[in-house]
Protein chains: 2
Amino acid sequence: MSLSFAILSVLVANHASGYDLTKRFNPSAEGSVGFFWTASFQQIYRELGRLEEKGWLQAQTVQQDNRPDKRIYSVTELGKQHLRDWITEAEKSPPVRDELLVKLNAGYLVDRPAILVKLKMHQQQHQQRLAIYEEIERNHFQNPETLSEFLQFSYLTLLMGIHYETGWLTWCDRAIRFLEMPVQEETKR
Amino acid sequence: MSLSFAILSVLVANHASGYDLTKRFNPSAEGSVGFFWTASFQQIYRELGRLEEKGWLQAQTVQQDNRPDKRIYSVTELGKQHLRDWITEAEKSPPVRDELLVKLNAGYLVDRPAILVKLKMHQQQHQQRLAIYEEIERNHFQNPETLSEFLQFSYLTLLMGIHYETGWLTWCDRAIRFLEMPVQEETKR
DNA sequence: ATGTTATATTCAATAATATGAATATGTCAA
DNA sequence: TTGACATATTCATATTATTGAATATAACAT
């Protein structure tokens with residue numbers, strides 16, 4: 001369900017083709033939904049078809065000289081109303097599923113260096129992700145007080161990303177230090 | 001895939017029936033996998049069947065006087081080895097999918113009070129969750145330095161939970177303050 | 001007795017996601 | 001001209017996840 005609304009929310013701000021959308025739903029694409037909702041191109045095209053059928057979207061075929069033709073989608077009034085309703089609805093808390101924590105929880109089954117490697121890799125990934133967010137902040141959100149309404153909400157999602165990654169990083173630090181901690185004297189003897 | 005290993009990792013520590021497992025995979029169950037991997041009972045029973053077929057688990061039927069009979073599962077050597085291999089493997093970063101952020105990103109489409117209600121509900125939920133984690137910490141992890149190897153890893157997953165919820169909470173605070181901030185003088189006129 | 005709750009499990013349908021393959025047009029560089 | 005990219009979309013299949021329904025035993029309260 002959410003994917004369709006995520007698509008609507010992107011299209012309501014900017015008309016786009018399926019191909020354009022696939023890029024915005026990529027987790028590593030700059031400044032787009034991909035940061036908090038990912039989808040494959042196959043998913044997106046299927047969903048676009050459904051939404052058009054329901055009349056929530058309308059499409060316009062655009063001939064191009066130097067590219068294959070494309071279909072540009074835009075949100076209808078009906079679609080926009082459904083989007084607004086969905087946003088207002090209460091959402092149930094998403095199912096938690098974290099593979100790393102499942103593995104870590106059973107970490108006593110394998111040797112410690114293997115676990116440490118894993119944690120350090122995660123640390124790096126979160127550092128990189130945080131760096132991206134902070135660059136976006138520097139480039140586009142220097143003065144949060146003066147943002148347009150539209151950008152205020154973008155800013156809040158960016159802030160969440162920063163807090164999220166920071167949380168992971170401080171945990172990674174603590175976890176690594178904890179596991180590298182020398183064994184207590186009593187247990188050594 | 002992960003679910004099967006999550007099941008193995010629980011069973012390797014304690015033999016259990018399908019019914020026992022369903023409780024451990026509940027997100028609100030105290031001190032269990034449910035905190036980082038949830039699954040419904042139907043999923044669990046199906047997975048148990050598959051794992052038994054593959055010989056990674058073995059089951060023993062236990063007659064009970066005051067209850068329906070049950071099947072107690074335990075992990076075979078084969079299963080244990082596969083579990084260890086899986087833990088050691090590198091995991092790909094999980095797909096990001098956060099419904100709240102999708103909604104918030106399009107928050108300019110609805111009125112601000114509706115968004116604030118949403119944020120405050122989330123704040124409450126995260127507060128409650130954090131309180132649970134902190135209680136577990138107080139009750140079972142007062143002296144992290146003296147924990148058994150097994151419990152050291154439990155402790156680390158608990159720590160992650162605490163950092164995660166703390167990150168959400170500080171963000172909720174900032175986001176709410178930001179949206180409640182009085183409109184700038186220029187934009188008012 | 002009747003209804004509710006807890007234990008214990010199975011089957012079926014549907015929805016969502018992931019993966020692989022295929023097709024078509026056009027640019028650009030070796 | 002061959003190969004590698006980038007644009008643009010479709011179809012098929014497989015795996016997971018969600019939801020609903022069903023069955024059975026037994027405790028416990030009204």
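Chain A is the first sequence line, chain B the second, and so forth, proteins listed ahead of strands; every chain is numbered from 1.
- Applying the salt bridge (charged side-chain N to carboxylate O under 4.0 Å, His left out) test to every pair with at least one member in residues 159-176 of chain A, sequence neighbours left out, gives no pairs at all.
- Residues from residues 79-88 of chain A with heavy atoms under 4.0 angstrom of DNA chain D: there are none.
- Annotation: proximity of residues 38-59 of chain A to DNA chain C (heavy atom, distance under 4.0 Å) is found for A:S40, A:F41, A:Q42, A:Q43, A:R46, numbered in ascending order.
- Contact annotation: A:K23 side-chain N/O to D:dT7 OP1/OP2 distance is under 4.0 Å.
- Not counting sequence neighbours, the partners of A:E77 by the side-chain contact (heavy atoms from CB on, under 4.5 Å) test are A:K80, A:R84.
- Mapped onto DNA chain C by nearest heavy atom, B:D20 and B:R97 fall at different nucleotides, with B:D20 at the one closer to the 5' end.
- Rounded to a whole Å, the CD atom of B:Q63 is 14 Å from the P atom of D:dT25.
- Listed by chain and residue number, nothing satisfies the salt bridge (Lys or Arg N to Asp or Glu O under 4.0 Å) test with B:E134 (two or more places apart in sequence, or in another chain).
- Between B:H126 and B:W168, the ring-plane angle classifies as parallel under the 30° and 60° cut-offs.
- Remark: side-chain polar atoms of A:T166 are paired, donor with acceptor, to backbone N or O of A:I162 under 3.5 angstrom.
- Running 5' to 3' along DNA chain C, contacts with non-hydrogen atoms of chain A at under 4.0 Å begin and end at C:dA16 to C:dG26.
- Partners of B:K120 according to the side-chain contact (heavy atoms from CB on, under 4.5 Å) rule, which considers only residues two or more places apart in sequence or in another chain, are B:Q123, B:I176, B:E180.
- Judged as a salt bridge (charged side-chain N to carboxylate O under 4.0 Å, His left out), the pairs with a partner in residues 35-48 of chain A (not counting sequence neighbours) are, in order, A:E47-A:R50.
- A side chain to side chain contact (heavy atoms under 4.5 Å, CB included) with A:V110 is found for one member of B:T88, B:L83, B:D85 and no other, namely B:T88.
- Looking only at atom types and distance, the side chain of B:T146 has no donor-acceptor partner in the side chain of B:N143 under 3.5 Å away.
- B:F41 pairs by the ring pair (Phe, Tyr, Trp, His ring centres under 6.0 Å) definition with nothing, not counting sequence neighbours.
- Hydrophobic side-chain contacts under 4.5 Å tie A:I72 into a cluster, directly or through other members, with A:V62.
- Pairs passing the ring pair (Phe, Tyr, Trp, His ring centres under 6.0 Å) check and including a residue from residues 86-112 of chain A, sequence neighbours excluded, read A:F5-A:W86, A:Y108-B:F150.
- A:Q152 and B:R112 are linked by a side-chain donor-acceptor pair at a separation below 3.5 angstrom, with hydrogens and angles left out of the test.
- Comparing B:P95 and B:Y73 by the nucleotide of DNA chain C that holds the closest heavy atom to each, the one mapping nearer the 5' end is B:Y73.
- For the segment residues 4-17 of chain B, residues with any heavy atom less than 4.0 angstrom from an atom of DNA chain C are, sorted by number, B:S17.
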